[in-house]
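Structure, as structure tokens:
Side chains included, hydrogens not; waters and symmetry mates left out as well; all remaining heavy atoms used.
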Amino acid sequence: MTFIQERHKTQSPLERPRELLIVCAPLRSNVNLSHVLRLAGCAGVERVICCGHTKVISKIARDGADTVHLEVHRTLPPVLKQLKTDGYELVGLEQTSDSESLYEFKFGRRTALVVGNERHGLTEEELALVDRVAEIPVYGLPYAYNVHTAVGMAVYEYCRQFPRG
């Protein structure tokens with residue numbers, strides 16, 4: 001068998017829009033936010049919500065900077081309350097006492113993936129608002145993945161469960 005590289009292959013079609021949102025607490029690094037936007041664009045996630053002061057680095061976000069709708073809010077709790085009212089299941093991505101391993105985690109189609117700050121994670125107030133928490137097992141040091149790497153793993157798992165949208 002011969003493998004021939006196909007750069008910039010045609011997009012895989014979705015039968016319906018993805019009902020996944022990525023919701024970020026204030027991130028320390030604009031690099032992380034820019035990587036999240038690029039990921040969202042590649043995965044067909046149409047909307048990312050972030051809090052705090054943000055700046056998108058277009059060389060990192062690439063087409064995601066233009067194709068993904070980025071909403072910026074001051075704080076996360078009011079956003080989470082509104083998303084819950086709008087019918088989203090709020091899934092925190094965090095290491096907690098009652099988190100579920102991402103390996104067995106079953107996402108609902110209408111999910112808001114809630115991601116914490118790189119250094120402090122999700123606050124107690126934010127954790128009190130989520131419906132469930134998914135955790136990515138870590139097998140070595142450091143004790144946690146970089147935030148945009150963790151978001152990539154969780155979004156991949158969501159897309160694996162809902163490959164057509």
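- Residues Ile60 and His35 have side chains in contact (heavy-atom distance under 4.5 Å, counting atoms from C-beta outward).
- For the atom pair Ile4 CD1 and Thr2 OG1, the distance stands at 6.5 Å (nearest 0.5 Å).
- Val36 and Leu102 end up in the same hydrophobic cluster when Ile, Leu, Val, Met, Phe, Trp and Tyr side chains are linked at under 4.5 Å.
- Applying the salt bridge (Lys or Arg N to Asp or Glu O under 4.0 Å) rule to pairs touching residues 88-106 yields Glu89-Arg132, Glu100-Arg132, sequence neighbours excluded.
- Residues Leu21 and Thr111 fail the side-chain proximity criterion, which asks for heavy atoms closer than 4.5 Å.
- Two residues are said to be in side-chain contact when any heavy atoms from C-beta on lie closer than 4.5 Å; Leu127 and Thr96 meet this criterion.
- At a threshold of 4.5 Å between non-hydrogen side-chain atoms, the residues Cys51 and Thr75 do not count as touching.
- Considering only residues two or more places apart in sequence or on other chains, Lys84 meets the salt bridge (Lys or Arg N to Asp or Glu O under 4.0 Å) condition with Asp131.
- In terms of hydrophobic clustering, with Ile, Leu, Val, Met, Phe, Trp and Tyr side chains grouped at heavy-atom distances under 4.5 Å, Leu39 and Leu93 are assigned to a common cluster.
- With sequence neighbours excluded, the residues forming a salt bridge (Lys or Arg N to Asp or Glu O under 4.0 Å) with Glu6 are Lys9, listed by chain and number.
- Counting heavy atoms from C-beta on, the side chains of Val91 and Val133 never come closer than 4.5 Å.
- Within the structure, salt bridge (Lys or Arg N to Asp or Glu O under 4.0 Å) contacts touching residues 16-25 (residues at least two apart or in different chains) are Arg16-Glu19, Glu19-Arg110.
- No path of Ile, Leu, Val, Met, Phe, Trp and Tyr side chains, each step under 4.5 Å between heavy atoms, connects Leu90 with Ile136, placing them in separate hydrophobic clusters.
- The ring pair (Phe, Tyr, Trp, His ring centres under 6.0 Å) contacts involving residues 2-31 comprise nothing, where partners must be two or more places apart or lie in separate chains.
- Contact annotation: the side chain of Cys24 never approaches that of Ile49 to less than 4.5 Å [non-hydrogen atoms, C-beta and beyond].
- Among pairs with a residue in residues 44-60, those fulfilling side chain to side chain donor-acceptor pair (under 3.5 Å) read Arg47-Glu71, at least two apart in sequence or across chains.
- Listed by first and then second residue, the ring pair (Phe, Tyr, Trp, His ring centres under 6.0 Å) pairs that reach into residues 62-82 come to none, sequence neighbours excluded.
- Of the possible donor and acceptor atoms, none in the side chain of Ser34 sits under 3.5 Å from a partner among the backbone N and O of Ala61.
- Under the side chain to side chain contact (heavy atoms under 4.5 Å, CB included) criterion, Val68 pairs with Leu37, Ala40, Val48, sequence neighbours left out.
- Leu27 and Val72 fall within the same hydrophobic cluster, defined by Ile, Leu, Val, Met, Phe, Trp and Tyr side-chain heavy atoms under 4.5 Å apart, directly or through other members.
- Remark: Arg119 pairs with Arg28, Asn117 by the side chain to side chain contact (heavy atoms under 4.5 Å, CB included) rule, at least two apart or across chains.
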Extract all donor-acceptor atom pairs below 3.5 Å that involve side chains of residues 141-161 and protein atoms in other chains or at least two apart in sequence.
residue	atom	partner	partner atom	Å
Tyr145	OH	Pro137	O	3.1
Asn146	OD1	His148	N	2.9
Asn146	OD1	His148	ND1	2.8
His148	ND1	Asn32	OD1	2.8
Glu157	OE1	Arg160	NE	3.0
Glu157	OE2	Arg160	NE	3.4
Glu157	OE2	Arg160	NH2	2.7
Glu157	OE2	Gln161	NE2	2.7
Tyr158	OH	Arg109	O	2.5
Gln161	OE1	Phe107	N	2.9
Gln161	NE2	Phe105	O	2.7

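- The side chain to side chain donor-acceptor pair (under 3.5 Å) check on Gln82 picks up Asp86, with sequence neighbours excluded.
- Applying the ring pair (Phe, Tyr, Trp, His ring centres under 6.0 Å) definition to pairs two or more places apart or across chains, none involves residues 74-98.
- Linking ILVMFWY side-chain heavy atoms closer than 4.5 Å, directly or via other members, places Leu113 and Val79 in two distinct hydrophobic clusters.
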